[in-house]
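In what follows, a structure is listed as structure tokens, so that the remarks can point back to it.
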Amino acid sequence: MTIDIEIDQAIKAQIPQFKIGAITYHDIAVSASPQMFQGHFQLYQEEMMLSLEEKNVADIGGIQEWRQVFKTLGTDPSRYRPSHEALYRRLKKRDQLPMIHSAADVNNFFSLQFEIPLGIYDADKLDGDIAIRMGTDEDMYETLNGRTTSMTGKILSADTQAPFGSPIIDSKRTMTTETTTNALQIIYLKPSMSEKEAQDMLASIADMFIQINGGKSEQHIIT
């Protein structure tokens, strides 16, 4: 299964270094996260809570960079926060993230570790090629929290049916569940990262994801 992804030139014109990582996973088995990972992730969150006592969320490098991406593209990052910033703000309030399942939990772990938004989608619910573009007045979807949201003026991912994801919040239509066997992970890289750094990051993410969920992976950087 090959999924072609293209970044719209309107984004590249404003942010020439804009790039994303894409990892496709095949024959995975999603379930409750293993106890060892749950313990590790909970400890990691507790350590982050302590570090955030002396730090403002807005001062974190990866959050600063993605807030600037939003500003450059005309999205107010204080009104529509990048998804990784929302995770950090939750920890700042000393509110641990809920365990969902082994695909989503690993996704959240890496989003915190690398200070970037990540999306994980059921690849069998996607239709055709994918475009990373800015939303129009016609773009909306039901989000993971059950609300229908307009994607006007926001970065989004769209297949041939409709938009399904963004670095803000993802759609219910393509969410991963414990029945997912093939998945697509979109990694919203920091524009400042070199391609070598990005390749190393994707390899690290894929290795851990497969250790927990099984299967095999393919990794690509889209520029």
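Atom NZ of K92 and atom CG of L87 lie 15.5 Å apart (nearest 0.5 Å). In this structure, CD1 in I169 is found 8.0 Å from CZ in R147, a value given to the nearest 0.5 Å. In this structure, CD on E218 lies 9.5 Å from CD1 on I3, to the nearest 0.5 angstrom. With rounding to the nearest 0.5 Å, the separation of CG in L52 from CZ in R90 is 14.0 Å. The CZ atom of F41 sits 10.0 Å away from the CD atom of Q113 when rounded to the nearest 0.5 Å. To the nearest 0.5 angstrom, R94 atom CZ is 11.0 Å from Q45 atom CD.
Classified by interplanar angle (parallel below 30°, tilted 30° to 60°, perpendicular above 60°), the ring pair F109/H40 is tilted.
Residues D105 and S33 share a closest heavy-atom pair of OD2-OG, 2.7 Å. Shown here for I63 and A58, the closest heavy-atom pair between the two residues is CG2-CA, 4.4 Å. Taking every heavy atom of both residues into account, I155 and P167 meet most closely at O-CD, 3.5 Å. Between Q219 and A206, the shortest heavy-atom contact is NE2-CB, 3.5 Å. Minimum interatomic distance between Q161 and D159 (heavy atoms only, all atoms of both residues): N-OD1, 2.9 Å. Between A183 and I28, the closest heavy-atom pair is CB-CD1, 3.9 Å.
K190 has its side chain within reach of E115: a pair of non-hydrogen atoms, C-beta onward, lies under 4.5 Å apart. I187 has its side chain within reach of M201: a pair of non-hydrogen atoms, C-beta onward, lies under 4.5 Å apart. You'll find the side chain of F209 stays beyond 4.5 Å of the side chain of N107, heavy atoms only. In this structure, the side chains of W66 and P117 come closer than 4.5 Å at one or more pairs of heavy atoms. Side-chain contact check for K216 versus D27: some heavy-atom pair is nearer than 4.5 Å. Between N213 and V30, the closest side-chain pair of non-hydrogen atoms falls below 4.5 Å. S31 places none of its side-chain heavy atoms less than 4.5 Å from the side chain of H101. Residues I221 and Q199 have side chains in contact (heavy-atom distance under 4.5 Å, counting atoms from C-beta outward).
Of the candidates S157, S83, S166, S111, S157 is the only one forming a side-chain hydrogen bond (donor to acceptor under 3.5 Å, both in side chains) with Y188. For the side-chain hydrogen bond (donor to acceptor under 3.5 Å, both in side chains) with N182, the qualifying choice from T176, T24, D124 is D124, the only one to do so.
For K19 (side chain) and E195 (main-chain N/O), no donor-acceptor pair under 3.5 Å exists by modelled atom type. A distance-only check finds no donor-acceptor pair linking the side chain of K55 to the backbone of E53 [under 3.5 Å]. Judged by distance alone, the side chain of T160 and the main-chain N or O of D127 form a donor-acceptor pair under 3.5 Å.
Checked against ring pair (Phe, Tyr, Trp, His ring centres under 6.0 Å), Y88 has no partners two or more places apart in sequence or in another chain. For F164, the ring pair (Phe, Tyr, Trp, His ring centres under 6.0 Å) test picks out Y121, with sequence neighbours left out. H220 is linked by a ring pair (Phe, Tyr, Trp, His ring centres under 6.0 Å) to nothing, counting only residues two or more places apart in sequence or in another chain. Annotation: side chain to side chain donor-acceptor pair (under 3.5 Å) contacts of S204 (sequence neighbours excluded): none.
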(request) Might you work through the side chain to side chain contact (heavy atoms under 4.5 Å, CB included) test for M49 and Q96, ending with a clear yes or no? (result) CA-CA 9 Å; M49 287 176 189; Q96 281 210 345; 3.2 Å; yes
(request) Given salt bridge (charged side-chain N to carboxylate O under 4.0 Å, His left out), test K12 with D8 step by step and report yes or no. (result) CA-CA 7 Å; K12 294 290 291 183; D8 189 87; over 6 Å; no
(request) For V106 and I205, run side chain to side chain contact (heavy atoms under 4.5 Å, CB included): C-alpha distance rounded to whole Å, both residues' side-chain angles, the deciding distance at 0.1 Å, then the answer. (result) CA-CA 9 Å; V106 172; I205 291 172; 5.9 Å; no
(request) I would like to know whether R173 and D122 meet salt bridge (charged side-chain N to carboxylate O under 4.0 Å, His left out); could you show each step before the answer? (result) CA-CA 9 Å; R173 172 171 71 93; D122 189 320; over 6 Å; no
(request) Check the pair M151 / T149 against side chain to side chain contact (heavy atoms under 4.5 Å, CB included), numbers first and verdict last. (result) CA-CA 6 Å; M151 296 305 295; T149 188; 4.0 Å; yes
(request) May I have the step-by-step check of side chain to side chain contact (heavy atoms under 4.5 Å, CB included) for I23 and L202, ending in yes or no? (result) CA-CA 7 Å; I23 307 176; L202 263 60; 4.1 Å; yes
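Surrounding CD of E6 are at most 12 heavy atoms belonging to other residues, nucleotides or ligands under 6.0 Å away.
Note on M140 and I168: separate hydrophobic clusters, where clusters join Ile, Leu, Val, Met, Phe, Trp and Tyr whose side-chain heavy atoms are under 4.5 Å apart, directly or indirectly. Cluster membership check: I116 shares its hydrophobic cluster with I7, using side-chain heavy-atom separations under 4.5 Å among Ile, Leu, Val, Met, Phe, Trp and Tyr. Neither L144 nor L184 shares a network with the other; the hydrophobic side chains, linked directly or stepwise wherever heavy atoms of I, L, V, M, F, W or Y lie under 4.5 Å apart, form separate groups for each. Tracing side-chain contacts under 4.5 Å through hydrophobic residues (I, L, V, M, F, W, Y), one never reaches L126 starting from M175; they form parts of separate clusters. Connection of Y44 to M99 is established within a shared hydrophobic cluster, with ILVMFWY side chains joined at heavy-atom distances below 4.5 Å, either directly or through further cluster members.
The aromatic ring centres of F114 and H84 sit 6.0 Å or more apart.
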Name every donor-acceptor pair, under 3.5 Å, that has one atom in a side chain of residues 131-139 and the other anywhere in the protein, sequence neighbours excluded.
from	atom 1	to	atom 2	distance (Å)
R133	NH1	D139	OD2	2.7
R133	NH2	D139	OD1	3.2
T136	OG1	E138	N	3.3
T136	OG1	D139	OD2	3.1
D137	OD1	T152	OG1	3.4
D139	OD2	T136	N	2.7

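Pairs passing the side-chain hydrogen bond (donor to acceptor under 3.5 Å, both in side chains) check and including a residue from residues 67-81, sequence neighbours excluded, read R67-S78, R67-E85, Q68-T72, R81-E85.
A donor-acceptor contact closer than 3.5 angstrom links the side chains of S192 and E65.
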